[in-house]
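Okay, structure first, notes after.
Because the structure is predicted, anything quoted here is derived from the model rather than measured.
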Amino acid sequence: MTSVVIPAIMADVEEVEVVVAHHERATLRVGDVFLKIDADQTRTDVEVEAMAMAPIPTPEVLWRKPPVLALAALPGTALGRLGEPSTASSAAWAAAGAATRVLHDAPLPPWPGRSLDEIASRLDGECAWLVTNGVLPTDLITRNRRVAEAVFRSWTPVFTHGDLQVAHVFVDGDEVTGVVDWSEASQGDALFDLASLTLGHEEHLGDVVAGYGTDVDLDVIRAWWSLRSLRAIRWLVEHGFDPTAPGCEVDVLRSRM
């Protein structure tokens, strides 16, 4: 077991909120400080370096005492949550699209993303697991695997966040105040970030694309919705989350039928 000394400035805090916790990592909120505890410090290395490189607002790193990374809370609230209607304005969604474009126009980070062959191999493995274990109807898996084929084309790598889900973008009014959770940052497909941001919030895709400010292939974004959902279900189940909750991954897959 690793012992960690928490700085004395936090000694008077009365409440600790568990933001997320599973056997790989945990995030706690203690007052205005987020404590991220990760079993894999290479992910934390990437997160710290990516935040330093990113040309958009990110949380301030307060201190790091492995396995703990302390980050200052961002002002505002999350743009939304998967499975819940977003109360953010169309302008806030457009601002998120614009911030994503700024990130994608930045110099590439040093970490290469997964190759097309790696992505396809993992997708095939996840689909086989879903079928073998009877998790989803075979026709639902087959249809979404077919939709996901649009992902497999050449793209020009950009600086991607890698996990730009809606809960990781914070806004105050119509302004983006910051983006959190950078441990998956790498060189990657710009449309994967846009798909991650709008997963389960298809009604805001037009706002995000308008803010992004350039033509995008909507079929590829929809393909990433299918691929990301198919790929995520086993991990979610094994880590105690429910992909069948209303508006979440299984509903995303059903929407492609």
Side-chain angles (χ1 to χ4, degrees), residues 1-82 88 92 95-96 98-100 102-114 158-173 175-188 193 196-197 235-236 239-241:
M1 178 180 294
T2 302
S3 62
V4 179
V5 177
I6 304 300
I9 57 171
M10 302 179 66
D12 294 333
V13 174
E14 295 181 355
E15 183 175 341
V16 176
E17 175 191 356
V18 178
V19 178
V20 64
H22 48 78
H23 70 256
E24 292 179 0
R25 66 187 87 170
T27 301
L28 312 177
R29 180 165 188 164
V30 186
D32 290 330
V33 177
F34 283 91
L35 302 178
K36 301 191 70 175
I37 305 162
D38 200 317
D40 182 355
Q41 284 301 288
T42 60
R43 284 193 293 247
T44 308
D45 293 340
V46 168
E47 178 156 18
V48 171
E49 188 172 349
M51 288 192 295
M53 294 178 62
I56 59 178
T58 63
E60 177 188 358
V61 177
L62 300 176
W63 48 266
R64 182 180 180 186
K65 296 180 181 294
V68 182
L69 174 67
L71 302 171
L74 289 169
T77 58
L79 184 61
R81 303 282 179 188
L82 184 62
T100 306
V102 171
L103 175 66
H104 291 169
D105 285 343
L108 291 173
W111 318 286
R114 293 184 177 89
V158 300
F159 187 163
T160 56
H161 178 278
D163 191 20
L164 196 63
Q165 55 182 285
V166 65
H168 291 166
V169 178
F170 279 69
V171 295
D172 187 0
E175 303 292 329
V176 173
T177 59
V179 178
V180 302
D181 286 353
W182 290 82
S183 62
E184 305 296 327
S186 69
Q187 302 174 27
D193 270 354
S196 298
L197 180 60
W235 187 94
L236 291 167
H239 289 77
F241 300 101

Any side-chain heavy atom of [X] within less than 4.5 Å of one from [Y]?
X: Glu184; Y: Trp111; result: no
X: Val20; Y: Phe241; result: yes
X: Phe34; Y: Thr27; result: yes
X: Leu197; Y: Leu79; result: yes
X: Leu71; Y: Met51; result: yes
X: Arg43; Y: Asp40; result: yes
X: Arg29; Y: Val16; result: no
X: Val180; Y: Val169; result: no

Counting only N and O atoms by type, is there a donor-acceptor contact under 3.5 Å from the side chain of [X] to the main-chain atoms of [Y]?
X: Asp38; Y: Thr44; value: no
X: Arg64; Y: Pro66; value: no
X: Asp163; Y: Ser183; value: no
X: Gln187; Y: Pro109; value: yes
X: Thr177; Y: Phe170; value: yes

**Message:** Is the ring pair His22/His239 parallel, tilted or perpendicular, if the boundaries are 30 and 60 degrees?
**Reply:** perpendicular
**Asked** Would Leu35 and Leu69 count as a side chain to side chain contact (heavy atoms under 4.5 Å, CB included) if you check the C-alpha gap in whole Å, the side-chain angles of each, and the deciding distance to 0.1 Å?
**Response** CA-CA 6 Å; Leu35 302 178; Leu69 174 67; over 6 Å; no
**Item:** Lys36 with Glu47: basic N within carboxylate O range, under 4.0 Å
**Value:** yes
**Asked** Within a radius of less than 6.0 Å around CD of Glu175, do more than 12 heavy atoms belonging to other residues, nucleotides or ligands occur?
**Response** no
**Message:** Taking atom CG as the centre, does Asp32 end up with more than 12 heavy-atom neighbours from other residues, nucleotides or ligands that are less than 6.0 angstrom away?
**Reply:** no
Can you name the closest pair of heavy atoms from [X] and [Y] and give their distance?
X: Pro57; Y: Val176; result: CG-O, 4.3 Å
X: Met53; Y: Pro110; result: SD-CD, 4.0 Å
X: Gly113; Y: Ser186; result: CA-OG, 3.7 Å
X: Ala92; Y: Gly173; result: CB-O, 3.6 Å
X: Phe159; Y: Leu108; result: N-CD2, 3.7 Å

**Message:** For a side chain to side chain contact (heavy atoms under 4.5 Å, CB included) check, start with the C-alpha distance between Leu103 and Asp193, then their side-chain angles and the critical distance, and finish with the verdict.
**Reply:** CA-CA 10 Å; Leu103 175 66; Asp193 270 354; 4.2 Å; yes
**Prompt:** Does a donor on one side chain and an acceptor on the other come within less than 3.5 Å for His168 and Asp181?
**Reply:** yes
